[in-house]
Amino acid sequence: MIASGTAGSWDFHRIPACVLKVDDTLKMWYKGSTDNWYANGSVGYAWSLDGINWTLLENPVLEKGDQGNWDDGMVFNPTVYFDGGTYHMWYAGWGGVSWNYNGMGYATSVNGILWNKVEDENPVFTGASGTFYSHDVIPSSVLYDGEYKLWFTGNGEGSYDTVTQRIGYATSADGITWNVQNNSQPILDVGDPGDWDFRKVRYPSVLI
């Protein structure tokens, strides 16, 4: 349905992250990156009426921050909630230093295409020492039911090949200040050594 982009383009690699149905249109936000998966990641946008034939916007709708910002390496893994008037996006940001995703950012939009990062608040959620999300926080799914409910992937310490990833749950009244639930423990843990999921459980999608 959606092929990879042209080699060297900003979205040569395309990884879907979030799809919403608004009226009769399916709207997708995805991570796009160049030939180097770890560099220059941006958020792209596509739309479809049938879920099969997709039209991609030519340029990214959310880009990494300026040099020195917390998200100056790349932005990725967006999850979006639409309240009927405003689109709310939470996304992971990479600080660009030795595989260091140092937090989750927040942005808003009136149309899902033109986004404004809430710079004076970002990052809105960062890793905490001694926890299962000590290395970084990657948003995966957000719902609203009187409060924002976030399911996120938390990383421990280590290289990408050896790090343990678990799923956590947090809530927020405003989408900015987040409180990790379940006594700050993961709600879905890895399996026992030797199991198919012994190292990573991540990137959940939740539906009520």
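These numbers come from the heavy atoms of this one structure, side chains and all, not from hydrogens, waters or symmetry mates. These numbers come from a predicted model, not from an experiment.
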Residues 22-30 side chain polar contacts: donor-acceptor under 3.5 Å, at least two apart:
unit_1: Lys27; atom_1: NZ; unit_2: Tyr87; atom_2: OH; d: 2.7
unit_1: Trp29; atom_1: NE1; unit_2: Gly112; atom_2: O; d: 2.9
unit_1: Tyr30; atom_1: OH; unit_2: Asp11; atom_2: OD2; d: 2.9

> Any sub-3.5 Å donor-acceptor pair from Thr171's side-chain atoms to Lys149's backbone N or O?
Replying inline: no

>> Nearest 0.5 angstrom please: Ile167 CD1 to Ser141 OG, how far?
In response: 10.0 Å

> Can you find a pair of side-chain heavy atoms, one from Arg202 and one from Ile138, that are under 4.5 Å apart?
Replying inline: no

> Between Asp71 and Val75, is there a donor-acceptor pair closer than 3.5 Å when you use the side chain of the first and the backbone of the second?
Replying inline: no

>> How close do Ile113 and Asn111 get, counting heavy atoms only, and between which atoms?
In response: N-OD1, 2.8 Å

>> To check you understand the geometry: which heavy-atom pair defines the closest contact between Gly130 and Ser134, and what is its length?
In response: N-CB, 4.1 Å

> Just wondering, do Phe12 and Thr34 contact through their side chains at under 4.5 Å, heavy atoms?
Replying inline: no

> Is a side-chain donor or acceptor of Lys64 paired with a backbone partner of Gly93 at a separation under 3.5 angstrom?
Replying inline: no

> Would you say the side chain of Leu143 lies within less than 4.5 Å of the side chain of Ile208, judging by non-hydrogen atoms?
Replying inline: yes

> Which value, rounded to the nearest 0.5 Å, describes the distance between Tyr106 atom OH and Ile176 atom CD1?
Replying inline: 5.5 Å

> What do you reckon, are the aromatic ring centroids of Phe152 and Phe125 less than 6.0 Å apart?
Replying inline: yes

>> Keeping Trp54 on the side-chain end and Leu49 on the backbone end, is there a donor-acceptor pair under 3.5 Å?
In response: no

>> Is there a side-chain contact between Leu188 and Arg166 in this structure, where contact means two heavy atoms from C-beta onward sitting under 4.5 Å apart?
In response: no

> Out of Thr108, Val118, Val142, which one pairs with His88 under the side-chain contact (heavy atoms from CB on, under 4.5 Å) rule?
Replying inline: Thr108

> Looking at OG1 of Thr55 and CH2 of Trp47, how far apart are the two atoms once the value is rounded to the nearest 0.5 Å?
Replying inline: 5.0 Å

> Which heavy atom in Val80 sits nearest to a heavy atom in Trp115, and how many Å separate them?
Replying inline: CG1-CH2, 4.0 Å

> Does the side chain of Asp72 come under 3.5 Å of the side chain of Asn69 through a donor N or O and an acceptor N or O?
Replying inline: no

>> To the nearest 0.5 Å, what is the distance between CG on Asn59 and OG on Ser9?
In response: 11.0 Å

>> I'd like to know if the side chain of Asp83 and the backbone of Gly85 have a donor-acceptor N/O pair within less than 3.5 Å.
In response: yes

> Given Trp178 and Val124, is the side-chain contact (heavy atoms from CB on, under 4.5 Å) satisfied, shown in steps?
Replying inline: CA-CA 7 Å; Trp178 291 91; Val124 296; 4.0 Å; yes

>> Using ring pair (Phe, Tyr, Trp, His ring centres under 6.0 Å), reason through Trp196 and Phe198 one step at a time and then give a plain yes or no.
In response: CA-CA 6 Å; Trp196 68 277; Phe198 82 98; over 10 Å; no

>> Quick check against the 3.5 Å criterion: does Arg199 have a side-chain atom that pairs as donor or acceptor with the backbone of Val190?
In response: no

> Between Met74 and Lys31, does a side-chain contact (heavy atoms from CB on, under 4.5 Å) hold up when you go through it step by step?
Replying inline: CA-CA 10 Å; Met74 67 175 174; Lys31 181 220 172 176; 3.8 Å; yes

> Going by heavy atoms in the side chains, are Thr79 and Tyr91 under 4.5 Å from each other?
Replying inline: no

> With the 4.5 Å side-chain cut-off for hydrophobic clustering, are Tyr144 and Trp90 part of the same group?
Replying inline: yes

>> If you compare all heavy atoms of Pro78 against all heavy atoms of Cys18, which two are closest, and at what distance to 0.1 Å?
In response: O-CB, 3.5 Å

>> Tell me whether Ser109 contacts the main-chain N or O of Leu114 through its side chain, where contact means a donor paired with an acceptor under 3.5 Å.
In response: yes

>> With a 4.5 Å cut-off on side-chain heavy atoms, are Tyr203 and Asn77 touching?
In response: yes

>> Is there a side-chain contact between Met104 and Asp136 in this structure, where contact means two heavy atoms from C-beta onward sitting under 4.5 Å apart?
In response: no

> Any donor-acceptor pair under 3.5 Å linking the side chain of Asn182 with the backbone of Ser184?
Replying inline: no

> Is a side-chain donor or acceptor of Gln181 paired with a backbone partner of Asn179 at a separation under 3.5 angstrom?
Replying inline: yes

>> Any side-chain to backbone donor/acceptor pair from Asp145 onto Tyr148? Under 3.5 Å, distance only.
In response: no

> Taking C-beta and beyond as the side chain, do Leu150 and Pro139 meet within less than 4.5 Å on heavy atoms?
Replying inline: yes

>> Do Trp151 and Val137 sit in one hydrophobic cluster, given that two such residues count as connected whenever their side-chain heavy atoms are within less than 4.5 Å of each other, even indirectly?
In response: no

>> Assigning hydrophobic clusters by single linkage (Ile, Leu, Val, Met, Phe, Trp, Tyr; side-chain heavy-atom cutoff under 4.5 Å), is Val43 placed with Phe82?
In response: yes

> So how far is it from Thr153 OG1 to Tyr133 OH, rounded to the nearest 0.5 Å?
Replying inline: 14.0 Å

> Do you see a donor-acceptor pair shorter than 3.5 Å between the side chains of Glu147 and Ser172?
Replying inline: no

